[in-house]
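See below for the structure under consideration.
Residue numbers count from 1 along this sequence. Because the structure is a prediction, the values reported are computed rather than measured.
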Amino acid sequence: MDTGSVEDGPAPSDAFQALGNEIRMRTVRTLLSDGPCTFSELFEASDTDTSSGFAYHLRQLTGEFVRQR
């Protein structure tokens, strides 16, 4: 069974885990619709109570789904 590789992207189970959260999906949707955003812009769109809580969710997306510039 192929679980994915760096070239192929994340394994399906890893992708579902990373994207299986409404805050993370909202972040990805915001980036897809608005393009590059600052941390503050993404945080405001996330409905997360604290910036540290949002930072945790953003770290779960970094690498495979989100790049920091």
Spacing of Ile23 atom CD1 and Asp49 atom CG [to the nearest 0.5 Å]: 8.0 Å
Spacing of CZ belonging to Arg69 relative to OG1 belonging to Thr38, to within rounding of 0.5 Å: 12.5 Å
Pairwise distance CG(Leu32) to CZ(Phe65) - rounded to 0.5 angstrom: 11.5 Å
Listed partners of Gln17 passing side-chain hydrogen bond (donor to acceptor under 3.5 Å, both in side chains), at least two apart: none
Spatial distance of atom CD (Glu44) from atom OG (Ser51) [nearest 0.5 Å]: 11.5 Å
For Leu61 against Ala18, the heavy-atom pair lying closest together: CD2-O, 3.9 Å
Nearest-0.5 Å distance that lies between atom CD in Glu41 and atom CG in Leu31: 10.0 Å
Side-chain donor-acceptor pairs of residues 52-59 under 3.5 Å, sequence neighbours excluded:
unit_1, atom_1, unit_2, atom_2, d
Ser52, OG, Thr50, OG1, 3.4
His57, ND1, Arg24, NE, 3.1
His57, ND1, Arg24, NH2, 3.4

